[in-house]
Number of protein chains: 2
Amino acid sequence: MPKDKVSFTLKTPKGTKDWSGSDALLRDRIFTTIADVFKRHGGTALDTPVFELREILAGKYGEDSKLIYDLQDQGGEICSLRYDLTVPFARWLAMNTDVRSIKRYHIAKVYRRDQPAVSKGRMREFYQCDFDIAGAFDPMVPDAEVLRIVSEVFEELGWNGRYTIKINHRKILDGLFAVCGVPEDKIRPISSAVDKLDKMPWADVRKEMVDEKGLDGAIADRIETYVMHKGGRELLNKLLQDETLTANASAKAGLEEMALLMDYLEAFGSLDKISFDMSLARGLDYYTGVIYEVVTEGSAPAIQSDAPEAEKAKKSTKKAKTSDDDDRSNDPTLGVGSVAAGGRYDNLVGMFQPKAQIPCVGVSFGVDRIFSITKARLEREQSTEGLRSSEVDAYVMAFGGKGFTGMLKERMEVCQKLWNANIKAEFSYKLKPKLPQQFKAAEQGSVPFAVILGEEELAAGKVRIKEMGLPADHPEKEGVEVELASLVAEMKSRLAQKQAGVVDSLAQQLQSAQV
Amino acid sequence: MPKDKVSFTLKTPKGTKDWSGSDALLRDRIFTTIADVFKRHGGTALDTPVFELREILAGKYGEDSKLIYDLQDQGGEICSLRYDLTVPFARWLAMNTDVRSIKRYHIAKVYRRDQPAVSKGRMREFYQCDFDIAGAFDPMVPDAEVLRIVSEVFEELGWNGRYTIKINHRKILDGLFAVCGVPEDKIRPISSAVDKLDKMPWADVRKEMVDEKGLDGAIADRIETYVMHKGGRELLNKLLQDETLTANASAKAGLEEMALLMDYLEAFGSLDKISFDMSLARGLDYYTGVIYEVVTEGSAPAIQSDAPEAEKAKKSTKKAKTSDDDDRSNDPTLGVGSVAAGGRYDNLVGMFQPKAQIPCVGVSFGVDRIFSITKARLEREQSTEGLRSSEVDAYVMAFGGKGFTGMLKERMEVCQKLWNANIKAEFSYKLKPKLPQQFKAAEQGSVPFAVILGEEELAAGKVRIKEMGLPADHPEKEGVEVELASLVAEMKSRLAQKQAGVVDSLAQQLQSAQV
């Protein structure tokens, strides 16, 4: 065991970080919220290895394949760290051909050897939360449930409509490019230029199409008449009446599926969360049907105004609809990036095993971005909930005069009672801790209750419960004495009251934020 | 996007596996149980990257370092996959010198490029659940809480005493080896031979000491008089009266700490779970104080008898105390391996950063083994709880006669109601599913309730709730009609009843197992 002084820098690898304290706790709560929604929809967990045989990942990510982390060949198989959770899921489906339908979820880290931008939250190791439905079903039914899940997740996270689910359809895009006269071999590059409309004004996108990608300017102008549109049913109905567009079989099929999807989303109560966005194209090659991306303005740090965010979100969506370039460049959603994205991918499993071919639709939540936005919101609201580093309910402490023994075993016995009753409790590891030290520890941990033992009180079978942080004039400021035998019951009722109070205050905050 | 047929084997890398279905769900429940105990004791989450700079891991694992997975140098830092969660925790403490005390937990995968034995559960990728307390405190107080956590975890997992927490102390071992006359340079190898007493009879261990490690036979015989002992306070008191042993300062200090530990474990109500086992030595170099390991006979497949396992466990412990070699070789704990292990390591953080030196004590739970044992127990008890692959509460279905529309949107709307009330619900993705198909899907998922829509009933504002799996003569076999408006309330009350029933039946099973 070498005891020499170390001669290297103590750090985590580039683009990775440790998660600790209140950040780790808040992120865990986000995971739990998301997983609860997944389970509510019958999702079953799938956990795959963090590395895959390199051949599994090969040919799936286009030029991003260079970002894959490879393991060293140490005399075994050639493996790479997973780049996402979708390809491992497809590999699993291809291996388990008896599974003809499944709703699976997977919450795990993925790895991309990208240039990290830690301050912007672009990391080399980050979490994804994926939900996917595999199986051959009637059109758009599972697609609608995935989108219902998306809105349910953000509502449960308390975003209250402060997000937009942009949807589009690959078949509509393919059809409109054909109708506009884009040559077959230019459809992919032109599609990827269109996808940049959330970051760049139309003039720049047009420039890329014409100058860089050699598209005829007249064709670009025809594309503009379509891709600047956003809306709901009224946009869909307008497009369904566009005879040029519906003459194209692909566009027609896509629009009809979109109509079906909107019907189903209405039955699910989620239609109002959706924006049909003709400029959404998404990068990945494997999407074959409906595609979607969730954006929010919540993380834009420049906004200092106190205007309710739900209003701002609505405003920005409306503005964007006017297809005014200046408005778009002020769009607070610009540059924030998506917080969830997905779509239908009907051919990916067949790439591994043609016989195992099975259609899929799914979504991936970007937890790191969701975390940053949620944390910023909690900080703005100065909510202490969710920013603690542990969830301890009670700090068990003791005090005494001259000859004070410290009452260590008594504190341990009281902790035992609380733990047995599933109450989270801590105590000082010192034999004879001073009372102020114990209070300080409880305060530092934002522990809501102190359970105080005194030698005389305990001899009479009593202990004191003190709620922390009460105002000086509160009648229970000094705590209340209770029978040791009823400590658990007293604590449980106080914790329930406290919990109810927190819920009330959160509900109030929410209401005031929505005004 | 290549569409060619694949030419490689579809598999996961050697020594890794996918977790899906009921196995994944059961393992998740084990994680939740363990994490709940950790949080009850004030644990805060720490999440470190899956890979570390290679220098961080170097020199920590002795000859096991050859099992570390290295990442390829792709023009950046040299990194390796973590081998355990302890060294990353120590690295984090060394980097965060403002943290002078912390209780941290970490549930994550670790990687060892060992020869895998999948059938025995020895994998290259596996989960560990760690809880550690760092900080300079009064002796044995945090150590006792870690052991309390160990017993709490296994009680919450329903093992009801069917496990033994073996404890020993590095200082006692060092002292007794010195007293017996083991030369300084042979203490580590002799210690590792003693540690094999849970897998080998004494005669074989003695042979290894004398023949392989060149120890004097008389010294080995003196060691035997100590290391074959197991017990509780009575053993400790006997050793405290052993003047030869207590003349050694290290042994004396270790025995006194052990006495303190037992006092504290008594105050925590956990002393009866402990066996002071003089043969426990543990492999890792970095332990400096109390060490422990949890063993169980629960996974031994050979045992076919129906005798209550708690009894068998006690019996086996008693037998082992007789230090009869034949008895030991029949010890049902042999070959099972430990399900949790840990100890005090006061110098590890200082290896990274002498100024950051901070004493630590902790435990690691081996979830894969805990999973196998728990699964075997559930299968023996033919419990259906815990073996489902999802947790769906209700399957929403529809039926109708001639001209049946399938009622897809109506099923969607009912699902929406249930989801909004946090009830887990599924429905068929077919436009016009047949009733037997829908029942089959509900049965396959062990869904406890069907919510059945009929066109006439729904027009009258009613739906039918049918509990699945009722006997043919049950009065509610065909289900009960309820108002659609009160569906959520009716479902909630039925789910609560069902839940209470499951708890009752588990409690009964438990009682009969304990007789």
Side-chain angles (χ1 to χ4, degrees), chain A residues 1-2 5-6 8 10 12-14 16 18-21 24-25 28 39-40 42 44-51 53 55 59 69-72 74 76-77 79 92 94-95 113 125 137-138 141-142 264 267-269 285 352-354 389-392 409 412-413 416 419 424 426 429-431, chain B residues 1-2 5-6 8 10 12-14 16 18-21 24-25 28 39-40 42 44-51 53 55 59 69-72 74 76-77 79 92 94-95 113 125 137-138 141-142 264 267-269 285 352-354 389-392 409 412-413 416 419 424 426 429-431:
Chain A
M1 194 167 174
K5 217 182 145 181
V6 290
F8 57 93
L10 272 176
T12 61
K14 192 173 176 182
T16 69
D18 297 318
W19 287 79
S20 63
L25 188 64
D28 267 357
K39 289 178 198 167
R40 195 180 298 149
T44 73
L46 175 68
D47 175 35
T48 64
V50 81
F51 45 79
L53 296 182
E55 295 122 325
Y69 273 99
D70 294 326
L71 291 191
Q72 210 178 82
Q74 286 165 287
E77 297 159 331
C79 298
W92 181 84
M95 276 172 66
R113 225 168 40 79
E125 173 185 63
F137 303 111
D138 280 315
V141 187
Y264 295 157
F268 279 148
D285 277 2
F352 289 113
Q353 179 59 269
S389 63
S390 78
E391 298 166 327
V392 173
K409 286 188 205 169
M412 287 175 156
E413 280 158 3
Q416 190 203 154
W419 292 332
K424 304 183 188 79
E426 279 188 315
Y429 292 156
K430 278 189 193 300
L431 276 173
Chain B
M1 193 168 175
K5 217 182 148 181
V6 290
F8 56 93
L10 272 177
T12 61
K14 193 173 174 182
T16 70
D18 298 318
W19 287 78
S20 63
L25 188 64
D28 268 357
K39 289 178 197 167
R40 195 180 299 149
T44 74
L46 174 68
D47 175 36
T48 63
V50 81
F51 45 80
L53 296 182
E55 296 122 325
Y69 273 98
D70 293 327
L71 291 189
Q72 210 178 84
Q74 286 165 287
E77 297 159 331
C79 298
W92 181 84
M95 277 173 66
R113 225 169 39 78
E125 172 186 64
F137 304 110
D138 281 313
V141 187
Y264 296 157
F268 279 149
D285 276 2
F352 290 113
Q353 179 60 266
S389 63
S390 79
E391 298 166 324
V392 174
K409 286 189 205 170
M412 287 175 157
E413 280 158 3
Q416 189 203 154
W419 293 332
K424 304 183 188 79
E426 280 189 313
Y429 290 157
K430 279 190 192 302
L431 277 173

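The basis for the numbers below is simple: all heavy atoms, side chains too, and nothing from hydrogens, waters or symmetry mates. Chain identifiers are assigned alphabetically (A, B, ...) following the order of the sequence lines, protein sequences preceding nucleic acid strands; residue numbering begins at 1 within each chain.
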With respect to chain A, which residue among Glu413(B), Gln72(B), Lys430(B) yields the maximal number of heavy-atom pairs within a distance under 4.5 Å?
Gln72(B)
Options Gly76(A), Ser390(A), Pro49(A), ranked by heavy-atom pairs under 4.5 Å with chain B, top entry:
Pro49(A)
Ring geometry between Phe51(A) and Tyr69(B) (parallel below 30°, tilted from 30 to 60°, perpendicular above 60°)
tilted
Nearest heavy-atom contact between Val141(A) and Met412(B) is CG1-CE, 3.8 Å
Tell me, out of Ala24(A), Gly269(A), Pro142(A), who's got the most heavy-atom pairs with chain B below 4.5 Å.
Pro142(A)
In Å, rounded to the nearest 0.5 Å, how long is the span from OG1 of Thr16(A) to CG of Asp47(B)?
10.0 Å
Segment of Asp70(B) engaging chain A (4.5 angstrom heavy-atom cut-off)
both
For Glu77(A), the salt bridge (charged side-chain N to carboxylate O under 4.0 Å, His left out) test, sequence neighbours excluded, returns Lys11(B)
Parallel, tilted or perpendicular, as decided by the 30° and 60° cut-offs, for the rings of Phe268(B) and Trp419(A)
tilted
With a 4.5 angstrom heavy-atom cut-off, could you sort out which part of Glu125(B) is near chain A: side chain, backbone, both or neither?
side chain
Rounded to the nearest 0.5 Å, how far apart are CG of Leu53(A) and NZ of Lys14(B)?
12.0 Å
Among all residues two or more places apart in sequence or in another chain, which pass the salt bridge (charged side-chain N to carboxylate O under 4.0 Å, His left out) test with Lys409(A)?
Asp263(B)
Which atoms of Glu391(B) approach chain A - backbone, side chain, both or neither, heavy atom under 4.5 Å:
side chain
Considering non-hydrogen atoms only, spot the tightest contact between Val392(B) and Gly42(A) and give its length.
CG2-CA, 3.3 Å
Any idea which of Lys424(A), Arg40(A), Gln416(A) has the most non-hydrogen atom pairs under 4.5 angstrom with chain B?
Arg40(A)
Main-chain N/O of Gln74(A) paired to Arg113(B) side chain as donor or acceptor, under 3.5 Å
yes
When rounded to the nearest 0.5 angstrom, what distance separates CG in Asp28(A) from OG1 in Thr44(B)?
10.5 Å
